[in-house]
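This report concerns only the one structure given below.
Residue numbers run from 1 in the order of the sequence given. Because the structure is a prediction, the values reported are computed rather than measured.
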Amino acid sequence: MAHSTVRPVVRLKSTAGTGVTYVTRKNRLNDPDRLVLRKYDPVAGQHVLFREER
């Protein structure tokens, strides 16, 4: 499948220190060098930055 090379799975770890992680398929429209994404952290109860684990 060619999709695995176009949309790699990326692990995101919350920078809020809550230990929440997301596993997402990276959107190819995003900047490939961007290391942080803003997502909802259910433990913090708000949107916080998530850093990629590479």
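The side chain to side chain contact (heavy atoms under 4.5 Å, CB included) search around T24 returns V10, L12, Y22, K39, not counting sequence neighbours. Looking at residues two or more places apart in sequence or on another chain, you find a side-chain hydrogen bond (donor to acceptor under 3.5 Å, both in side chains) between T18 and D41.
The closest side-chain heavy-atom distance from V36 to E52 is not below 4.5 Å.
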Handout entry: E53 and K13: CA distance, side-chain angles, deciding distance, side-chain contact (heavy atoms from CB on, under 4.5 Å) verdict
Key = CA-CA 7 Å; E53 293 183 345; K13 185 169 177 60; 3.1 Å; yes

Handout entry: CA sep, side-chain torsions, deciding dist, call: V20, F50, side-chain contact (heavy atoms from CB on, under 4.5 Å)
Key = CA-CA 9 Å; V20 174; F50 278 74; 4.1 Å; yes

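The nearest pair of heavy atoms linking H47 to R38 is O-NH1, 3.6 Å.
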